[in-house]
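These notes concern the structure reproduced below.
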Amino acid sequence: MDAWARARMFQSYLDDQSEKGQWNYRLLTSSGCGPVIEMNGKKLISLVSNDYLGFTQHPAVKQAAVAGIMKYGAGAGASPAIGGHYDYHELLEKKIARFFRKEHAIIYTTGYTSNSASLQCILTKDDLVILDAGVHTSVMEGCQMVNRKTVKHNDLAAYEHILKMSAGKHPLLLVIIDGVFSQDGDLAPLKEIIALCKKYGAKLMVDDAHGTGVIGKTGRGLIEACDAWEDIDLITGTFSKTFGHIGGYVVAGEEMVNYLKYQSRQHLFSASSTPAALAIVKAIELVDEEPLWMSALHANIKYFRQGLLELGLNIGSTESAIFPVRIGDKIKNAKVCFALQQKGVYANQINYPAVSLKDARIRMGITARHEKAHLDEVLNHSYLNNED
Ligand code: PMP
């Protein structure tokens, strides 16, 4: 089947799902990202953003984006190697590196490419990459052409088994995990994985897209929570969640960062971030300057978690702002998601292949800007666990 025939087939699937009210993707929102959004003229409580500290709407962050555009214009005009590297990019690279107590970082225009592009550059076909089953698609994409072994989520015995079998047999053994996992909201057993990497001579990459700004005493994520500053070879993440904008980064040693700057194709041959990226610089500063947002987020996480548990819902072992309400069956999941929308709650349904077939869930994300009334409104819909 050529692509057009596949597209036709997909279209009939799309039409069928829409007719049944089971298609809940690319829904059109007509207001800004926030705890309440507008859809088809109706207000809904939103549990779909990763804007954990609410910085997409922070006046100082918005102001920094506007000031950046007024000073430098709307775009960078070129890729970094050939005229598109500005002082605001340099500033952002320094800021994000220092945020993680390091000196060197490279920025990408998306969090997705900070994983996929850096890995495509780092890995060769002789290397072996060992992935947790819960890592993001962008990581999987970066490892597509190389030897890889996927480990059952957080299964330390499986990590050890593969590392033991592979030690010394590849130029590079690279273990890749999330800090906070994006679908389960749980944490990696970082200390134990570091110990295994040291024991078997593997390097370690941690994508803490969902831990940054959320966990750790000052919001530096799982690396801070575990005091593992010296033990991670590659820290990756995104500017699209806590930092309220778009883009991503790899924080690493000087030589690796320079290698990526001149060898990573998607960085080298693609235009650099727009001057609105100065919003990120402000957002990074605000994590330290205004700790009240993290406190508000933590209070919300505690309250919502308690509420969901009191409803008897299965939320797995989340320890973050992500609440996976396990429904199990895909059809029922779609129905619950649709019913929630009818009642004024916008949450995402997560189905296979993002999670296994029996693990369909409603993914709810909490931010610092949700008010108790919003959370109560969601919790009042106890039919979330209704069998009908
Ligand atoms: N890593 C993880 C764990 C993610 O969940 C995501 C996206 N949600 C990304 C990377 C990609 O980041 P972005 O959406 O900013 O490109």
Side-chain angles (χ1 to χ4, degrees), residues 25-26 33 46-53 55-56 61 92 96 99-100 105-120 122 129 131-144 150 153-154 174-188 190 193 204-216 220-223 232 234-251 264 266-267 270-274 276-277 279-280 283-284 318-324 347-350 353-355 361 363-367:
Y25 305 106
R26 278 185 80 96
C33 176
S46 168
L47 301 173
V48 298
S49 93
N50 304 297
D51 184 17
Y52 294 122
L53 300 182
F55 286 171
T56 64
V61 174
L92 181 54
I96 194 64
F99 182 81
F100 288 107
I106 174 174
I107 55 172
Y108 285 84
T109 45
T110 68
Y112 193 103
T113 43
S114 64
N115 283 334
S116 62
S118 63
L119 285 166
Q120 280 168 18
I122 288 168
V129 64
L131 305 174
D132 187 282
V135 296
H136 191 253
T137 322
S138 52
V139 169
M140 309 261 187
E141 184 175 306
C143 303
Q144 232 164 19
T150 305
H153 182 48
N154 280 347
L174 178 66
V175 172
I176 310 181
I177 55 173
D178 281 7
V180 169
F181 284 90
S182 59
Q183 298 309 331
D184 288 310
D186 60 344
L187 312 183
L190 185 60
I193 289 179
L204 179 59
M205 170 167 155
V206 179
D207 172 1
D208 211 4
H210 295 275
T212 306
V214 177
I215 61 169
R220 269 64 174 172
L222 189 62
I223 295 162
I232 319 293
L234 300 159
I235 302 171
T236 69
T238 172
F239 295 130
S240 70
K241 304 187 194 306
T242 279
F243 300 122
H245 191 64
I246 189 167
Y249 52 86
V250 179
V251 177
S264 181
Q266 295 84 339
H267 179 80
S270 183
S272 41
S273 328
T274 77
I280 307 164
I284 294 171
T318 178
E319 292 188 49
S320 65
I322 299 163
F323 292 90
N348 279 319
Q349 54 165 318
I350 310 290
V355 293
R361 80 267 312 259
R363 184 183 187 278
M364 300 184 167
I366 293 300
T367 75

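Atoms considered below: every heavy atom in the structure, side chains included; atoms not considered: hydrogens, waters and symmetry mates. Atoms within each ligand, like the ligands themselves, are counted from 1 in listed order.
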query: At a 4.0 angstrom heavy-atom cut-off, what protein residues surround ligand 1?
result: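 Residues within 4.0 Å of ligand 1: Thr110, Gly111, Tyr112, Asn115, His136, Ser138, Asp178, Ser182, Asp207, Ala209, His210, Thr238, Ser240, Lys241.
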By side chain to side chain donor-acceptor pair (under 3.5 Å) - contacts of Ser264 (at least two apart):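 Per chain and number, Ser264 pairs via side chain to side chain donor-acceptor pair (under 3.5 Å) with Tyr108.
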- request: Return the set of residues passing side chain to side chain donor-acceptor pair (under 3.5 Å) with Asp184 (not counting sequence neighbours), or none when no residue passes.
  value: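 Applying side chain to side chain donor-acceptor pair (under 3.5 Å) to Asp184 gives Arg326, Arg361.
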Side-chain donor or acceptor of Arg363 paired with backbone N/O of Val48 under 3.5 Å: no
query: Can you name the one residue among Val250, Asp207, Leu204, Ile223 that meets side chain to side chain contact (heavy atoms under 4.5 Å, CB included) with Ile235?
result: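 Considering Val250, Asp207, Leu204, Ile223, a side chain to side chain contact (heavy atoms under 4.5 Å, CB included) with Ile235 is found only for Ile223.
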- prompt: Partners of Tyr249 by ring pair (Phe, Tyr, Trp, His ring centres under 6.0 Å), sequence neighbours excluded?
  reply: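 Checked Tyr249 against ring pair (Phe, Tyr, Trp, His ring centres under 6.0 Å); matches are Phe100, Phe239.
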field: Between Asp51 and Thr367, a side-chain donor and acceptor under 3.5 Å
entry: no
